[in-house]
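In what follows, a single structure is set out as structure tokens and then discussed.
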2 protein chains.
Amino acid sequence: MITTENITNGVNVDQLVATIQAVQETPSLAKFEFRAKTDWVDGGYCKTRVKEFYGVGAEDETRKEAFTMEADHPTVLLGNDYAANPAEIVLHALGSCLTAAMTYHAAAHGIEIEAMESTLKGGADLQGFLGLDPNVRKGLESINVKFKVKSEASEEQLRELAKFSPVFDMISNPTPVSIEFEK
Amino acid sequence: MITTENITNGVNVDQLVATIQAVQETPSLAKFEFRAKTDWVDGGYCKTRVKEFYGVGAEDETRKEAFTMEADHPTVLLGNDYAANPAEIVLHALGSCLTAAMTYHAAAHGIEIEAMESTLKGGADLQGFLGLDPNVRKGLESINVKFKVKSEASEEQLRELAKFSPVFDMISNPTPVSIEFEK
């Protein structure tokens with residue numbers, strides 16, 4: 001018997017359907033925990049290591065190498081500009097997550113996407129970070145994302161698919177962050 | 001006249017004080033806009049380019065090279081695991097931003113930090129992303145950050161300094177995200 005894989009938008013739809021069915025039968029498989037370790041190097045420069053995670057009922061054993069990511073600040077923000085700054089990294093996470101949410105959910109619905117790119121912008125008023133005005137927020141005030149998508153899908157369809165993005169949820173809605181200190 | 005630079009925690013404190021004074025005199029200098037361009041490659045794999053930004057009253061001209069960042073998904077999430085996934089990238093942005101907020105604000109207060117590292121964890125239930133249960137959120141349900149800091153500062157002091165982190169604000173409080181589509 002010859003079988004061909006059912007791939008849409010680079011996503012293996014058979015595997016996606018099998019994953020959804022497995023989670024419907026055993027909801028505990030959907031529990032994931034992602035982890036990171038951030039080391040301060042100097043000033044505003046950090047390196048983060050990402051490798052281990054929990055999911056599908058077990059500690060992951062497929063990821064063989066750790067990923068190292070860097071963050072720094074541009075010279076006008078007193079850094080050495082060795083890497084993108086944390087706000088820019090959030091834009092990267094958001095753009096990537098919205099994009100993946102659309103390709104995965106489009107694939108599940110049989111919607112083909114030929115090409116997709118997005119530009120993201122976020123404005124900040126540093127009076128918040130510097131503690132000069134308690135009425136000014138510390139983070140980006142808002143983020144605008146402009147998508148250019150080559151697809152037969154309508155804008156309404158794409159907009160609905162984008163809403164499945166976990167990072168879009170985490171940024172547009174509150175995500176509780178607890179901070180502990182060990183000496 | 002011999003002058004020595006006043007550096008604490010790798011942060012140039014004289015420049016930091018000068019920046020604060022400049023912003024107090026001309027608040028519009030504090031307006032920044034950060035930008036990113038995310039290109040979809042295939043499946044859940046994206047590349048983001050970061051370079052231009054606006055700040056201190058002008059388009060930046062100091063950053064000579066663009067930064068390229070990648071995002072993918074592990075094989076159990078139907079990716080090729082070429083890079084960390086967007087949720088892990090958010091942990092990286094958060095860990096780096098909390099760390100920089102502490103080093104900068106500690107420097108401004110004359111508090112020395114000798115070493116600092118943090119581990120971050122965030123749990124997710126994929127029933128949200130998969131659209132299987134509308135009561136389950138799509139993003140990480142909560143994030144825990146454990147800091148290990150070598151400093152004379154008290155836990156209370158460090159905790160206050162961490163609260164200046166822009167990414168901590170963006171994640172723990174809602175940040176409006178507008179999405180537009182151009183065909």
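Protein chains get the first letters and strands the later ones, always in sequence-line order, with residue 1 at the start of each.
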What part of [X] is in contact with chain B, defined as an atom under 4.5 angstrom from a non-hydrogen atom: side chain, backbone, both or neither?
X      : answer
A:L132 : side chain
A:K47  : neither
A:F34  : both
A:A108 : neither
A:S178 : both
A:Y45  : neither
A:Y54  : neither
A:D39  : both
A:I113 : both

Pairs of heavy atoms under 4.5 Å with chain B: top-ranked of [options]:
options                       : value
A:T175, A:L98, A:T103         : A:T175
A:P166, A:G10, A:G95          : A:P166
A:N173, A:V136, A:D72, A:L140 : A:L140
A:D125, A:T19, A:V76, A:L78   : A:L78

Part of [X] lying under 4.5 Å from any heavy atom of chain A:
X     : value
B:V56 : side chain
B:L77 : both
B:I20 : both
B:V50 : side chain

Gap separating the [atom1] atom of [X] from the [atom2] atom of [Y], nearest 0.5 angstrom:
X      : Y      : atom1 : atom2 : value
B:F32  : A:E141 : CZ    : CD    : 12.5 Å
B:Q21  : A:L130 : CD    : CG    : 12.0 Å
B:N12  : A:T75  : CG    : OG1   : 12.0 Å
A:S172 : B:K138 : OG    : NZ    : 10.0 Å
B:E117 : A:T48  : CD    : OG1   : 11.5 Å
A:R49  : B:E88  : CZ    : CD    : 11.0 Å

Give a yes or no on whether the backbone of B:E70 and the side-chain of A:H92 come within a donor-acceptor separation of less than 3.5 Å.
->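 Confirmed, A:H92 side chain pairs with B:E70 backbone.
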Checking B:R159 side chain against A:F181 main chain: does a donor-acceptor pair fall under 3.5 Å?
->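 No, B:R159 side chain to A:F181 backbone: no donor-acceptor pair under 3.5 Å.
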Look at B:N9, B:D42, B:L91 and state which one has the largest set of heavy-atom pairs under 4.5 Å with chain A.
->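 Answer, by heavy-atom pair count under 4.5 Å with chain A: B:N9.
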Is the B:Y104-A:H73 ring centre distance short of 6.0 angstrom?
->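 That pair passes the under 6.0 Å test.
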